[in-house]
Amino acid sequence: MAGFYYEINGYVHDKYSNEIILKLLSHFNINKGVAEIYEVEETQVNYDKIEEYVDEWFEAPFENLSVCNLKSHYFKEIKFNYHIFDKEVPFRLLITMHENLTFSITMMFDYTEHVEYERDIVKLKRKNEEIEKLYTKFYSSGLYLYGTYGVEIFPVSLISIKFEEESICMYGDGNYFSHQIINKDRILELQKIGSIKFNILENGYLVLKDDMDNRYEIYEEWVGKIVNDLRNSV
């Protein structure tokens, strides 16, 4: 039976670029795996043709990304093993193209297989700590405008926020907000809510929603202000 995936998603407010993907892989010291790619110049990637590419994807193993001709390929997915939970765990890196050619990157692993049924409290705590280190490292790369992390989350773009009234925080365990969209006034507002944990990164803030209890609605109202700011910026 298929399990649930733990997903760490970041929205890149920039045109599709293999260089950004390469930066993330380098950030995690990933240099071996299998890439699912389509042979097209990255400057020629067309959102309307994404579905047409489906029948022409091919898998290319790599041992060193520097030998790949990145400029002539569009990456759909990269599969690799990552050392976590004291073993090598299969990971997937998915690229989601948006209508305005910006894109989202999602790093994911099988949560059901490796975490969900862990009954040892000590081991479970350690695994959750490792997951926190994982998404902290993901967002510390500084590649994203915002992001959401948790089980079975969904990448949201600025376009969907503007025209489909999507929220950027309705699901998941928490959110990442870069300094580009969070100013000091917003952080002061967040601090006043109380009982909400957040970690300060060099390039933004990680907000953890686990212990919000009845303050969750207040947090959603706070995020609503950010969504309106983003909506007006598009």
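Distance alone, capped at 3.5 Å, places no donor-acceptor pair between the Ser26 side chain and the Leu22 backbone. A donor-acceptor contact shorter than 3.5 Å links the side chain of His27 to the backbone of Lys137. Thr112 places a side-chain N or O within 3.5 Å of a backbone atom of Phe4 that can act as its donor or acceptor partner. Looking at Glu152, its side chain does come within 3.5 Å of a backbone N or O of Tyr5 through a donor-acceptor pair.
Contact check on Lys123 versus Glu118 returns no salt bridge, with no Lys/Arg side-chain nitrogen under 4.0 Å from an Asp/Glu carboxylate oxygen. Taking 4.0 Å as the cut-off between side-chain N and carboxylate O, Glu189 and Arg186 count as a salt-bridged pair.
In this structure, CG on Leu93 lies 10.0 Å from CE on Met108, to the nearest 0.5 angstrom. How far NE2 of His13 is from OH of Tyr144: 16.0 Å, rounded to the nearest 0.5 Å. Rounded to the nearest 0.5 Å, atoms CG (Asn128) and CD (Glu130) are 10.0 Å apart. How far CG of Asn203 is from CG of Leu143: 8.5 Å, rounded to the nearest 0.5 Å. Atoms CD1 and CD1, from Ile21 and Ile105 in turn, are 5.5 Å apart once rounded to the nearest 0.5 Å. One finds the CD1 atom of Ile182 at 9.5 Å from the CG atom of Asn175 (value rounded to the nearest 0.5 Å).
Tyr6 and Val151 make their closest contact through CD1-CG2, 3.9 Å (heavy atoms, listed as atom of the first residue, atom of the second, distance). Across Ile95 and Glu77, no two heavy atoms sit closer than the pair CD1-N, 4.4 Å.
Checked against the 6.0 Å centroid threshold, His98 and Tyr11 count as a close aromatic pair. Between Tyr135 and Tyr176, the gap from one ring centroid to the other reaches at least 6.0 Å. A ring-centre distance under 6.0 Å is found for Phe177 and Trp222. The distance between the ring centers of Phe109 and Phe85 falls below 6.0 angstrom.
Hydrophobic clustering, with ILVMFWY side chains joined whenever heavy atoms are under 4.5 angstrom apart, groups Phe58 together with Met97. Following chains of ILVMFWY side-chain contacts shorter than 4.5 Å, one can reach Ile20 starting from Leu101, so the two form part of one hydrophobic cluster. Under the 4.5 Å side-chain heavy-atom criterion for ILVMFWY residues, no single connected hydrophobic cluster contains both Val12 and Leu94. When the side chains of ILVMFWY residues are joined at heavy-atom separations under 4.5 Å, either directly or via intervening members, Ile181 and Ile200 end up in a single hydrophobic cluster. Cluster membership for Leu124 and Ile131, using ILVMFWY side-chain heavy atoms within less than 4.5 angstrom, is shared.
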Please evaluate residues Leu208 and Tyr149 with respect to the criterion side chain to side chain contact (heavy atoms under 4.5 Å, CB included), reporting the C-alpha separation (whole Å), side-chain torsions for both, the decisive distance (0.1 Å), and the verdict.
CA-CA 9 Å; Leu208 296 81; Tyr149 54 93; 3.6 Å; yes
Please assess Val89 against Tyr82 for the test side chain to side chain contact (heavy atoms under 4.5 Å, CB included), listing each intermediate value before the final yes or no.
CA-CA 5 Å; Val89 174; Tyr82 188 74; 5.7 Å; no
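Residues satisfying the side chain to side chain donor-acceptor pair (under 3.5 Å) criterion with Asp86, sequence neighbours excluded, are Arg126. Under the ring pair (Phe, Tyr, Trp, His ring centres under 6.0 Å) criterion, His179 pairs with Tyr205, not counting sequence neighbours. Scanning for salt bridge (charged side-chain N to carboxylate O under 4.0 Å, His left out) contacts around Glu99 gives an empty result, with sequence neighbours left out.
The 12-atom threshold is not exceeded at CD1 of Ile121, counting heavy atoms of other residues, nucleotides or ligands nearer than 6.0 Å. Heavy-atom neighbours of Lys15 NZ from other residues, nucleotides or ligands within 6.0 Å: above the threshold of 12. Around CD of Gln191, the count of heavy atoms belonging to other residues, nucleotides or ligands within 6.0 Å exceeds 12. In Glu221, the CD atom is not crowded: 12 or fewer heavy atoms of neighbouring residues, nucleotides or ligands sit closer than 6.0 Å.
Using a 4.5 Å heavy-atom cutoff, the side chains of Phe91 and Ile84 are in contact. For the pair Asn9/Phe154, no side-chain contact is recorded, criterion being any heavy-atom separation below 4.5 Å from C-beta on.
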